[in-house]
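So the structure is just underneath, and the comments pick up after that.
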Protein chains: 2
Amino acid sequence: MDNLTSTIGFLAAIGTTASFIPQALKIFKTKDTKSISLSMYLMFISGVLLWLVYGIIKQDIPMIIANGITLVFAGIILYFKIKYP
Amino acid sequence: MDNLTSTIGFLAAIGTTASFIPQALKIFKTKDTKSISLSMYLMFISGVLLWLVYGIIKQDIPMIIANGITLVFAGIILYFKIKYP
């Protein structure tokens, strides 16, 4: 895989992965999850899990890193949604 | 790419893509986006755009379909967040 493609993959990974941090922080501060959809995060986490498996099968590093970390942050948001419905 | 891997990719694509539908519907019904993070969706959409480019470069069909559709739904949520802050 050439350099440009890996760079795009890593930037994409950072973008989609890091994006869950401000959402987790906002919920942590406000304890407000009212407008957040529980089914979104249940479905999203199942999908991310499958992307992780897909990335492992294809040995695609950006995908493995992105989906591994996204799983953690999306999991935190799901935890807050269940704790503060 | 063998059948199992493509199936996992497509299921992953459906999971992460379709997950934005319940969130968009919830906002459409309630017009409430208070607990949703604007910076999450700005960052997430930039990342999804890059994943789309990455998928096109790698000619990876599940990635192209997933990120193309996710872009639409995440874009709808961003539109609602801006319209009903």
Side-chain angles (χ1 to χ4, degrees), chain A residues 1-2 4-58 60 62-63 66-67 70-71 73-74 77 80-81 84, chain B residues 1-2 4-58 60 62-63 66-67 70-71 73-74 77 80-81 84:
Chain A
M1 192 178 358
D2 63 80
L4 176 64
T5 310
S6 310
T7 309
I8 289 172
F10 274 103
L11 287 175
I14 291 166
T16 47
T17 303
S19 67
F20 288 88
I21 299 174
Q23 181 66 79
L25 287 176
K26 185 177 172 85
I27 297 174
F28 186 72
K29 272 185 244 157
T30 63
K31 305 296 188 272
D32 170 17
T33 67
K34 204 167 139 264
S35 47
I36 286 171
S37 161
L38 176 63
S39 25
M40 165 175 169
Y41 278 87
L42 289 172
M43 284 171 77
F44 186 77
I45 285 172
S46 329
V48 168
L49 263 172
L50 287 170
W51 276 128
L52 189 55
V53 170
Y54 184 82
I56 290 166
I57 292 171
K58 297 194 71 175
D60 185 315
M63 283 183 78
N67 289 288
T70 301
L71 203 55
F73 289 120
I77 293 167
F80 280 135
K81 177 65 188 173
Y84 308 111
Chain B
M1 192 178 359
D2 64 79
L4 176 64
T5 310
S6 309
T7 310
I8 290 172
F10 272 104
L11 287 175
I14 290 166
T16 48
T17 303
S19 67
F20 288 90
I21 299 174
Q23 181 67 80
L25 286 176
K26 185 177 172 86
I27 296 174
F28 186 72
K29 272 184 240 154
T30 63
K31 305 296 187 274
D32 169 17
T33 67
K34 202 167 141 264
S35 47
I36 286 172
S37 161
L38 176 63
S39 25
M40 166 174 168
Y41 278 87
L42 290 172
M43 284 172 75
F44 186 78
I45 284 173
S46 327
V48 168
L49 263 171
L50 286 169
W51 276 127
L52 189 55
V53 170
Y54 184 80
I56 290 166
I57 293 171
K58 296 195 73 175
D60 185 315
M63 283 184 80
N67 289 288
T70 302
L71 202 55
F73 288 120
I77 293 167
F80 280 135
K81 178 64 188 172
Y84 308 110

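So you know, we letter chains A, B, ... as the sequences are listed, proteins then strands, and number each from 1. Quick note: numbers below take in every heavy atom, side chains included, and nothing from hydrogens, waters or symmetry partners.
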In terms of heavy-atom pairs under 4.5 Å, which option from [options] contacts chain A the most?
{"options": "B/A24, B/P22, B/A18", "answer": "B/P22"}
{"options": "B/S35, B/A13, B/G47", "answer": "B/S35"}
{"options": "B/I8, B/I36, B/L4", "answer": "B/I36"}

For the residue pair A/F44 and B/F20, does the interplanar ring angle fall in the parallel (under 30°), tilted (30 to 60°) or perpendicular (over 60°) class?
perpendicular

Angle class for the B/F80/B/F28 ring planes (parallel below 30°, perpendicular above 60°, tilted otherwise)?
tilted

Chain A contact via B/A74 - which portion, at a heavy-atom distance below 4.5 Å
neither

Does any pair with a residue in residues 20-33 of chain B pass side-chain hydrogen bond (donor to acceptor under 3.5 Å, both in side chains), and if so which ones, sequence neighbours excluded?
A/K34-B/D32

Pairs involving residues 38-50 of chain A, ordered by first then second residue, that meet side-chain hydrogen bond (donor to acceptor under 3.5 Å, both in side chains) (sequence neighbours left out):
A/S37-A/S39

Using every non-hydrogen atom in the two residues, find where A/L52 and A/L71 come nearest and quote the distance to one decimal.
CD2-CD2, 4.1 Å

Which region of A/I57, side chain (C-beta onward) or backbone (N, CA, C, O), has a non-hydrogen atom less than 4.5 Å from a non-hydrogen atom of chain B, or is it both or neither?
side chain

